[in-house]
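Presented below is the structure to which this report refers.
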Amino acid sequence: MVNEPLLNVKELKTIFSTEKGPVTAVDGVTFHVDSGETVGIVGESGCGKSVTAESIMRLLNEQTTKYEGAITYNGKNLLHLSKEQMRKIRGNEISMIFQDPMTSLNPVYTIGNQITETIMIHQKLSKEKAYVKAIEMLELTGIPSPEKRIYEYPHNLSGGMRQRVMIAMALSCHPSLLIADEPTTALDVTIQAQILDVISDLKKELNMGVMMITHDLGVVAEVCSRVVVMYLGQVIEEADVDTLFFNPKHPYTKGLLKSIPKLDGDRNSKLHVVEGTVPSLDNIPEGCRFAPRCAYADELCLNRAPELETTDEGNKVRCWHYKRIFEEEGANATTS
Ligand SMILES: Nc1ncnc2c1ncn2[C@@H]1O[C@H](COP(=O)(O)OP(=O)(O)OP(=O)(O)O)[C@@H](O)[C@H]1O
Ligand SMILES: [Mg+2]
């Protein structure tokens, strides 16, 4: 097919069976990532960002997890692949940086061993060249004295150091798609910037698609071209980065943006100041999921769930009243 996206997630549902019954953590999520672009996934804690990523990687326990919809990567529906086929794609064509670095580091091998191994397999280099390359990758992620560090085991390293080793490893297999789940949250601002640069450089060099999950709207502004905003397991807005920041449509997105400190302030902004709390998955509101927290909600919102609509600009929003809100308040409603 012409111009098919690298990754196309369509109406994805991820349903966990729990003691209390089935819980739909990801509920009809649709978005895509093209080669060479970075798509941001944002939303408050618990909205299903990591579960979406883990579903794409098929990392969830399949005894207790059911998927619906399609996850098409390079024309193949990943949900239909065998475990073996999936293993070949994981850490090879699709690579993931986890929120918790220990998930992907093996405690019984030195970090040098682990990175060199990855490089030898994926870049088909000799052991000597892979070793040189491993040191280079570690250096790129800001690890001091990598030629010494390479002989250490994961447990000898600090959390931030481990995070960088994992990033070096994820990138050294030269993936076509990188899924980065809060890759820089644990790191200080200088290292954070350095790592985002490494990811950006490799993205250009390898034409890699990047799915960047983050709480940090500063990171979004810096590296993403498009942004998907999630709320309680659903996409509630999707827009190019300029529209998202300067002309957001959904009241929830507007709320998230209000939480960003001014540009000259602390750029390490977190998304947790939208008033009210996210309902739990076993108590999902009947109408619009955001209605109980929304200043604009009326009867319609409380009773009927809005669909994800395409806007005149070709972006997407799930809100009954976004046009009216825009007419009444304009794009500047967020800066009050
Ligand atoms: N194995 C599981 N069984 C049942 N519920 C789960 C399971 N894993 C995750 N959940 C629930 O799914 C929801 C989404 O979780 P997820 O980890 O994707 O959130 P998140 O958006 O990544 O949040 P954060 O920003 O805190 O990382 C949460 O309510 C979580 O409790
Ligand atoms: Mg998460």
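Atoms within each ligand, like the ligands themselves, are counted from 1 in listed order.
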Heavy-atom check, side chain of [X] versus side chain of [Y], under 4.5 Å:
X: Thr64; Y: Ser17; result: yes
X: Ile94; Y: Leu78; result: yes
X: Met169; Y: Ser95; result: no

Test side chain to side chain contact (heavy atoms under 4.5 Å, CB included) applied to Leu171 and Met208, step by step
CA-CA 10 Å; Leu171 292 173; Met208 177 170 83; 3.9 Å; yes
Sequence neighbours left out, what pairs pass side-chain hydrogen bond (donor to acceptor under 3.5 Å, both in side chains) with at least one residue falling in residues 156-169?
none
Test: side-chain hydrogen bond (donor to acceptor under 3.5 Å, both in side chains). Region: residues 19-33. Which pairs qualify, not counting sequence neighbours?
Lys20-Asp282, Asp27-Arg289, His32-Arg226
To which protein heavy atom is [atom] closest, and what is the distance rounded to 0.1 Å?
atom: atom 5 (N) of ligand 1; result: Phe16 CD1, 3.5 Å
atom: atom 15 (O) of ligand 1; result: Val51 CG2, 3.8 Å
atom: atom 26 (O) of ligand 1; result: Ser45 OG, 2.4 Å

Identify which of Met230, Gln99, Lys49 has a heavy atom lying nearest to atom 27 (O) of ligand 1.
Gln99
Test log, rule salt bridge (charged side-chain N to carboxylate O under 4.0 Å, His left out), inputs Glu327 and Arg324:
CA-CA 5 Å; Glu327 275 158 21; Arg324 195 196 77 207; over 6 Å; no
Near the Mg ion (ligand 2) (protein N/O/S, cut-off 2.8 Å, waters excluded) we have Ser50 OG, Gln99 OE1
What distance separates Glu117 CD from His122 NE2, expressed to the nearest 0.5 Å?
9.0 Å
What distance separates Ile41 CD1 from Asp181 CG, expressed to the nearest 0.5 Å?
10.0 Å
Under 4.0 Å from any heavy atom of Ser50, which atoms of ligand 1 are there?
17 (O), 18 (O), 20 (P), 22 (O), 27 (O)
Those atoms of ligand 1 less than 4.0 Å from some heavy atom in Ala25
12 (O)
Return a yes/no value: protein heavy atom under 4.0 Å from atom 12 (O) of ligand 1?
yes
Looking at atom 7 (C) of ligand 1, is any protein heavy atom nearer than 4.0 Å to it?
yes
Pairing residues for Ala193 by the side chain to side chain contact (heavy atoms under 4.5 Å, CB included) criterion, not counting sequence neighbours:
none
Answer side chain, backbone, both or neither: which part of Leu281 comes under 4.0 Å from ligand 1, heavy atoms only.
side chain
For Glu182, is at least one N or O under 3.5 Å away from an N or O on ligand 1?
no
With the threshold set at under 4.0 angstrom, would you say Gly46 reaches ligand 1 through any of its heavy atoms?
yes
Only one of Tyr252, Tyr296, Tyr322 passes ring pair (Phe, Tyr, Trp, His ring centres under 6.0 Å) with Phe290, and that residue is Tyr252
